Amino acid sequence: MPKSYSPREHEAAIMQRWESARCFHATTGTGRAPYSIFIPPPNVTAALHLGHALNNTLQDVLTRVHRMRGFETLWLPGTDHAGIATQSVVEKRLLMQGKRRTDFTREAFIEKVQGWKDEYEAVILSQLKAMGSSCDVERTRFTMDPVCATAVREAFFRLFSDGLIDRGKRLVNWDPVSQTALADDEVEMHEVDGHFWYLRYPLADGSGHVTVATTRPETMLGDTAVAVNPRDPRAAALRGKRLRLPIVGREIPIVEDDYVVMPASMGGDPSDAKAQFATGFLKVTPAHDANDWEIGRRHGLAAINVMAPDGSISDRHGWSDVGDDARAFVGMTREAARTAIVAWFKAHGLLEETRPYRHSVGHSYRSHVPVEPYLSDQWYVRVTDDRLRGAALRAMAPDQVDGSWPTEIAPRSGAEGDGEVRFFPARYAKTFQQWHENLRDWCISRQLWWGHRIPVWSKRVQGGAGGIDLAAHGAGHLRQPTQHAVLAVVRVADGVQVSPSEATSGEFDLHICTLTDAAGAALEPHGFVRDPDVLDTWFSSALWPLSTLGWPDPSAFEMAGMLDEFNPSAVLSTAREIITLWVSRMVMFNRYFLGGRVPFRHVFIHSVVQDGFGQKMSKSLGNGLDPRDVIDTHGADALRFTLVQMSTSTQDVRLPVDMICPHTGETFTPKTIVTDSGYTVAAPVQESPKAPGKRMVSSYGAASGTAEPGTEQPLARNTSARFDTGRNFANKLWNATRFALANLPQGRPPELVTAAPASMADRWMLARLAQAVATIDASIADYRFNEVGDALYDVVWRDFCDWYLESIKPTVKTDPLQQQCLRSVLDGLLRLMHPVMPFVTETLWSAVRAAGPAGVRGLALPDGELCTTASWPRPDAALIDVGALRDMERVQALVLAIRNLRGERKVDPKRRITLHAAASAMATILAGEGIVQTLAGLDRVEPMAGTRPAGALVFAHDGEELWLANVVDAVDADAERDRLSKLIAERTRAIAGFEAKLGNTGYLAKAPPAVVEETRAKCAQAQSDLDAARNALAALGAGA
RNA sequence: GGGCGCUUAGCUCAGUUGGUUAGAGCACCGCUAUUACACAGCGGGGGUCACAGGUUCGAGUCCUGUAGCGCUCACCA
């Protein structure tokens, strides 16, 4: 075995072995209890980043632990088509070639997106492999593959049939760049420096004007009223009056509505920020503002849409009274129109004032431009229905519900799935609950080409005296829903759904949802047209726990039994922003479609990895890490261990980002600058710390375009010194194993596997191993991953390497029983380490196996071909030998005391010294069976007797005075006095503290007796230490 | 504005129901090429636990308030 572990020499081969043995493939009918996890499918837009690496590592740890515990374990991998995100990256790429999406047919464009998807899906799957993810690759799914598509079609059809999907003209969040609607949670709020413009609207009778305040003057073209609060003192005088809308010339009413905030000067609430800016008159633009839409509905106002889908001013989407003045604005972008309209008001003396105003504006999470509230027809899932929202709330574990939920939510009924979803950490249950309590209907149509196309065919028809004659439209067979098609008739005027016979006058839309494309296509000769839009990506993601297992008919995809075996899954591991986007919808859909069954029993929310300055890692800041780089420099196990150890239950963790100098390979901390927007980033160009004069470009430099990487100044990769911990740990395990193997002869008798180790060191080590198993089991159960990492580090490095291996060095070569213990402990440790560091443990596994069978009494370690399928250690409780633990604790304390003295007096490490031990220390040394001598570098131990040898150092331990002789060649009296004085000062302070406590009557009366007793003992011991040190100092003084 | 989280050693973080003199890793200082490992070993220095009150015999831990940082929901009059 080489002296150090080199990950890249082993990782690929190990993965190969696992795969060819199909270790990660799960099936039905094994008789084993199922344990399943669905991977949150990463978007096919880009390669996996560190956040994915974290989430995948944690899922893999859970998966591997349960596999070793004997569960039938399924970790199901896959990818998400990520509609808008993927479409926009492909469009961006086309744009660089000077092409647009509309230059292609829909089919040709989708072909291009498909190409991108294939490329990144392959990258993602290879990254999963490189990280050691033990997923069942044979069951890899993609949200748009035929299996998932079948589920999406079925789900839409059922929801449509059950009246949970409907179409409506409403204000949506419109992204004018992507030209699609967005769901509420796809809108990000950003602070923007804007203005309040105060615009005068003249009264139609020429008797004056009112002034409205607005941040969006361009929407005034669509104003259909001005509202005033009925309690406003000015309201009465204006009642019944009308206004002449400037530019447009439209005559609009003044309406009275409670919604309007009165200015502080007119009796408004001065603490309301709005009252500071308000004039008391609110321009009402129902087609361009959600609140105005509501006001418009209350007062029967028209909604005049003055914009095209690209956000430009347009007279072709609902605006008809365009006069000569207004014509000039048509065709302008919304930004240009804003400027021009303000200028117009100014030029006409109608701009009263302009005030700066900083406020939050919704931006598209994809194109990052301000979202436009836009009037359009969209499909909605009525998630506010109790069958969906109520079911999600009822799924919450009762003890995690905060207070009680709204009265319109039906109570828990003991139905399947009720109360079964639990959040870790528990505080995230609140996020889930609040989201559902304030839920609004979910807009699911997206005006994109990439995605699941909406399975609805529509036709606009006229109503007639006897209702609509369906047969005349080729839909006669749909008077009653069939297995393959369902009809909805919607009155165009108000969007209300009616029965065909009720459609007696006016226009109606016939919407037919079909289960198959063929059924839809059959309608096309009759004038039906398929909806061009696609579904929100989250619609298919919401079905992930169902669709991946073949729902609605698993046997159709050779997955018979899978759905019942592996749904519900054990846990969903994800980031907290996903609670609203995805967790909620999975719970609603899974429960709805599977008779109340929840998709997962636990939701684990992992922390977000930030850079060293507490900033989110992002491409544009260049502060991210590529997991592939870390695997390359440190190995997958190092990446994994470090991520596990970082995973605390806080909401974010910091990972200081370092840089690798491309000239020297050295890791260094880059120089930083602060950007205009206040981010701390690596300076674009960095100087090599070790190669003077050589330069490099940082990721930020490249991402921001402020520095061009080239041969003179290459791009430097990011890394983090934090991963050294993981790399060092893997190497430590490697070397500990190397040492152990060197001490384990071949051909040990097999009967030793049931023998009970006799030596104190062996019994202690087995006890520590047993304790570590208990700690790790408990931590895994609560998803406290950092504790798993710490427990492994402690038992392997501190207990096994530092103490156990050092202790047994003199004896292990000749003691077969000890060899068996060493063999077994090593075996157990490899198993415990495996879920976190699968590669190094599997690499070592075959070498360790060759050393003969493992196991001792109380710890069965059945042999296995591979570590990954070996059984999880289950030590007998009796292995926790409290006597050995107590003895070893005393041994360690004595050893540390002696080492401390050696270090302080700079005793040559090689020098063997003599201890004169009093009764208690002597007992410890005997109990230690030679370990103290080995670890403290003693050549002899003698009882305390007679006079102190010349030059012997005095020290106090465990309330006793002890001597160390043969320590130095010449006594340095000054150094010795310093040491003793320091000790005296320290003990004196401690004793004062103890005595203060013990002199407190309240303490003696109220503290538990055991605590008081402990304090007394500590005080007495400190007193003995003090006495010993004082004696020594006095003796030294006399001798000097 | 509502909700949530964080503030402990130079850095990154532990600290379970309040109970010894608050811990770890990295970094730093000293010693060590010793036959598992220098990606190491041994020893050391370093914190009035953000601040101010309170409860308690006893507070890093519980309560109240303040400040700073961050996330999230709502809000474009």
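Numbered from 1 within each chain, the chains take letters A, B, ... in sequence-line order. Worth knowing before you read on, the calculation uses all heavy atoms, side chains too, and leaves out hydrogens, waters and symmetry mates. Note that the structure is predicted; figures quoted are calculated from it, not measured.
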Could you let me know what B:rC71 is paired to, Watson-Crick or G-U wobble, both distances under 3.5 Å, or none if it's on its own?
B:rG3
A:I780 atom CD1 is separated from B:rU16 atom P, nearest whole Å, by 20 Å
Heavy atoms only, 4.0 Å cut-off, all strands: where does A:V371 land among base, sugar-phosphate and nothing?
base
Measure from the side chain of A:L805, starting at C-beta and using heavy atoms only, and say which of B:rC11, B:rA36, B:rU32 lies closest.
B:rA36
In whole angstroms, the gap separating C1' of B:rA77 from CZ of A:F277 amounts to 9 Å
Would you indicate what A:D794 reaches in the nucleic acid, counting non-hydrogen atoms under 4.0 angstrom: base, sugar-phosphate, or nothing?
nothing
Who does B:rA33 pair with, Watson-Crick or G-U, both distances under 3.5 Å?
none
Nearest to side-chain heavy atoms of A:S4, which nucleotide of B:rC76, B:rC39, B:rA77
B:rC39
Is the shortest side-chain N to carboxylate O distance from A:R989 to A:E986 below 4.0 Å?
no
Whole-Å distance, A:L643 CG to B:rG25 C1', equals 15 Å
Within the structure shown, what part of the strands sits under 4.0 Å from A:V608 by heavy-atom distance: base, sugar-phosphate, or nothing?
nothing
Shortest side-chain distance from A:R576, nucleotide among B:rA14, B:rC39, B:rC71:
B:rC71
Base, sugar-phosphate or nothing for A:Y793? Non-hydrogen atoms, less than 4.0 Å.
sugar-phosphate
Give me the distance, rounded to whole Å, that separates B:rG54 from B:rG60 when you measure between the P atoms they each carry.
15 Å
Here the pair of heavy atoms bringing A:R1016 nearest to A:L1004 is NH2-CD2, 3.9 Å
Heavy atoms only, 4.0 Å cut-off, all strands: where does A:N438 land among base, sugar-phosphate and nothing?
nothing
Cation-aromatic face contact A:K732/A:F800, 6.0 Å, 45 degrees
no
When the nearest nucleotide of RNA chain B is assigned to A:V907 and to A:V895 on a heavy-atom basis, which residue is associated with the more 5' position?
A:V907
Give A:R727 one of three labels, base, sugar-phosphate or nothing, depending on what nucleic acid heavy atoms sit under 4.0 Å from its own.
base
Give the rounded distance in Å between these two atoms: CH2 of A:W797 and P of B:rC26.
7 Å
Taking pairing as Watson-Crick or G-U wobble with both contacts under 3.5 Å, can you name the mate of B:rA14, or confirm there isn't one?
none
Which part of the nucleic acid, if any, lies within reach of A:G612 when heavy atoms closer than 4.0 Å are counted: base, sugar-phosphate only, or nothing?
sugar-phosphate
What is the nucleic acid contact for A:D652, judged by heavy atoms within less than 4.0 Å: base, sugar-phosphate only, or nothing?
sugar-phosphate
Quick one: label A:F196 by what it contacts on the DNA or RNA (base, sugar-phosphate, nothing), any heavy atom closer than 4.0 Å.
sugar-phosphate
In whole Å, I'd like the distance from the CG atom of A:D908 to the P atom of B:rC31.
13 Å
Give A:P370 one of three labels, base, sugar-phosphate or nothing, depending on what nucleic acid heavy atoms sit under 4.0 Å from its own.
nothing
Does A:K732 reach a base, just sugar-phosphate, or nothing at all? Heavy atoms under 4.0 Å.
base
Between atom NE2 in A:H436 and atom P in B:rA74, what is the gap in whole Å?
14 Å
Could you tell me whether A:N291 contacts a base, only the sugar-phosphate backbone, or nothing, with contacts defined as non-hydrogen atoms closer than 4.0 Å?
sugar-phosphate
Integer-rounded Å distance: B:rA36 C1' and A:Y804 OH:
15 Å
Determine the interatomic distance between P on B:rC31 and the same-named atom on B:rU16; round to the nearest Å.
39 Å
Could you state the CZ-C1' distance from A:R902 to B:rU34, rounded to the nearest angstrom?
13 Å
hbond_proxy A:E806 side chain to B:rG41 base (donor-acceptor, 3.5 Å cutoff)
no
What is the pairing partner of B:rA52, taking Watson-Crick or G-U wobble pairs with both distances under 3.5 Å in any strand?
B:rU64
Given RNA chain B, 5'-ward residue of the pair A:K910 and A:R798, judged by closest heavy atom:
A:R798
For the side chain of A:K430, starting at C-beta, report the closest nucleotide among B:rU72, B:rC4, B:rC39.
B:rC4
Which part of the nucleic acid, if any, lies within reach of A:T1015 when heavy atoms closer than 4.0 Å are counted: base, sugar-phosphate only, or nothing?
nothing
Could you give the distance separating B:rC62 and B:rU56 at their C1' atoms, to the nearest angstrom?
10 Å
Side chain to side chain donor-acceptor pair (under 3.5 Å) for A:Q610 and A:D652? Distances and angles first, verdict last.
CA-CA 7 Å; A:Q610 303 176 330; A:D652 35 47; 3.1 Å; yes
Give one of base, sugar-phosphate or nothing for A:L896, where a contact means two heavy atoms less than 4.0 Å apart.
sugar-phosphate
B:rC42 and B:rU7, which share atom name P, separated by this distance in whole Å
31 Å
Taking B:rA38 as the reference, what is the distance to B:rU48 when you measure between their C1' atoms (whole Å, please)?
38 Å
Between A:V653 and A:M646, which heavy-atom pair has the shortest distance, and what is it?
CG1-O, 3.2 Å
What pair of heavy atoms forms the shortest contact from A:S584 to A:F432, and how long is it?
CA-CE1, 3.9 Å
Begin from the C-alpha positions of A:H10 and A:Y5 and carry the test side-chain contact (heavy atoms from CB on, under 4.5 Å) through to its verdict.
CA-CA 9 Å; A:H10 304 284; A:Y5 172 59; 3.5 Å; yes
For the P atoms, the ones on B:rC75 and on B:rG68, what distance do you get once it is rounded to whole angstrom?
26 Å
Between A:Y793 and A:T725, is the side chain to side chain donor-acceptor pair (under 3.5 Å) condition met? List the steps.
CA-CA 10 Å; A:Y793 194 91; A:T725 307; over 6 Å; no
Using the C1' atoms only, state how far B:rA9 lies from B:rA22, rounded to an integer number of Å.
11 Å
What nucleotide among B:rU21, B:rA77, B:rC37 has an atom nearest to a side-chain atom of A:A990?
B:rU21
Donor-acceptor pair present, A:K906 side chain and B:rC31 base, under 3.5 Å:
no
Would you please test A:Y679 and A:N623 for side chain to side chain donor-acceptor pair (under 3.5 Å) and show each step?
CA-CA 10 Å; A:Y679 292 107; A:N623 58 351; over 6 Å; no
Which of the following nucleotides, B:rC37, B:rC69, B:rG5, is nearest to the side chain of A:R654?
B:rC69
Complement of B:rG58, any strand, by Watson-Crick or G-U distances under 3.5 angstrom
none
